[in-house]
Amino acid sequence: MASLSLKHIYKKYPGGVTAVSDFCLDIKDKEFLILVGPSGCGKSTTLRMIAGLEEITEGELFIGDKLVNDVAPKDRDIAMVFQNYALYPHMTVFDNMAFGLKLRKTPKEEIKRRVEEAARILDISHLLERRPKALSGGQKQRVALGRAIVRNPKVFLLDEPLSNLDAKLRATMRTELTKIHQRVGVTFVYVTHDQVEAMTMATRIVVMKDGIIQQVDTPQSLYDNPVNLFVAGFIGTPQMNFITCALEKKNGGTYITFGSNSLKLPEDKASAPELQEYIGKEVVVGIRPECIHDDEEFFKVMPDAIIEADVEVTELMGAEIYLYLSTEDTNLIARVSPRSKTRAGDVCNIAFDMSRIHIFDKETEKCILH
């Protein structure tokens with residue numbers, strides 16, 4: 001088993017294009033680490049540098065205690081699963097899974113044992129004599145994983161492996177991948193642009209933007225304590241609401257105001273030392289959709305945080321309703337109970353859970369207060 005250490009890694013292309021900048025990260029043994037970010041953020045390039053498929057321009061990459069910058073991909077003891085599965089169409093599932101072992105002159109009995117063991121783990125034992133064209137997308141995905149598992153690598157690298165599957169199968173395969181990781185007990189480094197995949201599978205998430213790490217943390221901590229506007233907006237569905245507000249002291253309290261709306265901050269937030277220099281200035285307030293309420297019970301809890309809004313669209317999602325709201329020049333999304341009676345075309349009262357707002361610096365976009 002192996003840990004990974006990336007020390008000040010850069011990837012620069014001719015013409016002055018820097019795809020990855022000063023990437024520093026220690027990946028623990030047996031961790032399920034996910035790199036997430038929008039297209040072009042450098043996550044796949046980082047994965048390919050770990051695999052040895054891209055040359056590292058600057059910095060050092062260690063697998064375990066071994067510096068591997070100049071080690072060939074085949075000698076790094078890693079296995080990569082690609083987005084398009086990369087199966088050989090003329091070979092059976094068994095031969096696809098055994099191919100790498102045959103190249104390494106592994107004894108036949110050992111090949112048979114390893115392939116059958118991997119097939120059992122992945123529940124594809126009944127498919128070993130089929131060819132890829134006779135398999136579904138999910139089955140092809142399992143075969144690609146099986147081909148990696150039989151090699152007993154120190155590290156698994158997975159590059160958007162679920163992106164070719166339909167929504168239902170993706171949800172199933174997320175669960176399966178988590179189970180496989182627990183059974184195999186190997187370090188997984190996984191790339192995706194889908195933050196739902198990241199939130200549901202990772203032990204830790206690396207959020208990237210423009211080749212730079214924005215934040216590394218557990219899924220729940222990223223959700224609850226984003227370090228900047230980008231992370232706050234990228235993690236969470238529907239995404240966090242952002243409102244440009246003035247921070248004012250009046251009537252013996254501290255308020256955020258936007259348009260004619262004025263909402264009072266709870267005392268613990270109002271008295272936070274880091275907030276005092278922003279009094280009288282504009283800030284960006286972030287609030288998750290589930291922290292905006294339309295029920296009478298909550299109005300009693302937050303009487304100083306109620307505003308009026310127009311309901312433009314409602315989406316019934318089964319277990320919840322999304323309300324698309326507007327108040328003066330501000331658009332908001334609220335996630336409310338399926339029992340809510342609020343409907344499109346209504347003018348309704350909504351209350352903010354002010355204990356769960358995030359306040360960001362308008363210029364630097366860094367979080368001031370959670």
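- For Phe23, the ring-ring contact (aromatic ring centres under 6.0 Å, His included) criterion is met by no residue, not counting sequence neighbours.
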May I have the list of side-chain donor-acceptor pairs in residues 61-73 shorter than 3.5 Å, sequence neighbours left out?
residue : atom : partner : partner atom : Å
Asn69   : OD1  : Leu61   : N            : 2.8
Asn69   : ND2  : Gly59   : O            : 2.8

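- Annotation: Asp268, atom CG; neighbour count of heavy atoms from other residues, nucleotides and ligands within 6.0 Å is above 12.
- Residue-environment remark: CD (Glu55) stays at or below the threshold of 12 foreign heavy atoms within 6.0 Å.
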Please set out all donor-acceptor pairs under 3.5 angstrom arising from side-chain atoms of residues 102-109, sequence neighbours excluded.
residue : atom : partner : partner atom : Å
Lys102  : NZ   : Asp95   : OD1          : 3.2
Thr106  : OG1  : Leu101  : O            : 3.0

Under 3.5 Å, which donor-acceptor pairs link side chains of residues 302-319 to any protein atom two or more places apart or in another chain?
residue : atom : partner : partner atom : Å
Glu312  : OE2  : Ser326  : OG           : 3.1
Glu315  : OE1  : Tyr324  : OH           : 3.1

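- For Arg335, the salt bridge (charged side-chain N to carboxylate O under 4.0 Å, His left out) test picks out Glu290, Glu320, with sequence neighbours left out.
- Partners of Phe156 under the ring-ring contact (aromatic ring centres under 6.0 Å, His included) rule, at least two apart in sequence or in another chain, are Phe188.
- Phe99 meets the ring-ring contact (aromatic ring centres under 6.0 Å, His included) test with Tyr88; sequence neighbours excluded.
- Under the salt bridge (charged side-chain N to carboxylate O under 4.0 Å, His left out) criterion, Lys366 pairs with no residue, sequence neighbours left out.
- For Thr175, the side-chain hydrogen bond (donor to acceptor under 3.5 Å, both in side chains) test picks out no residue, with sequence neighbours left out.
- A donor-acceptor contact shorter than 3.5 Å is absent between the side chain of Arg174 and the backbone of Thr200.
- Listed by chain and number, the residues in a ring-ring contact (aromatic ring centres under 6.0 Å, His included) with Phe258 amount to none (sequence neighbours excluded).
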Acceptor/donor pairs from residues 350-359 side chains to any protein atom, 3.5 angstrom cut, sequence neighbours excluded:
residue : atom : partner : partner atom : Å
Asp353  : OD1  : Ser355  : N            : 3.1
Asp353  : OD1  : Ser355  : OG           : 2.5
His358  : ND1  : His370  : ND1          : 2.9

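- The number of heavy-atom neighbours closer than 6.0 Å to NZ of Lys168, taken from other residues, nucleotides and ligands shown, is 12 or below.
- Partner of Val143 under the side chain to side chain contact (heavy atoms under 4.5 Å, CB included) criterion, out of Leu128, Leu127, Leu122, Val93: Val93 alone.
- Enclosure of atom NZ in Lys249 by more than 12 non-hydrogen atoms of other residues, nucleotides or ligands within 6.0 angstrom is indicated.
- Residue pairs that meet the ring-ring contact (aromatic ring centres under 6.0 Å, His included) test with at least one member in residues 274-294, sequence neighbours left out, are His293-Phe298.
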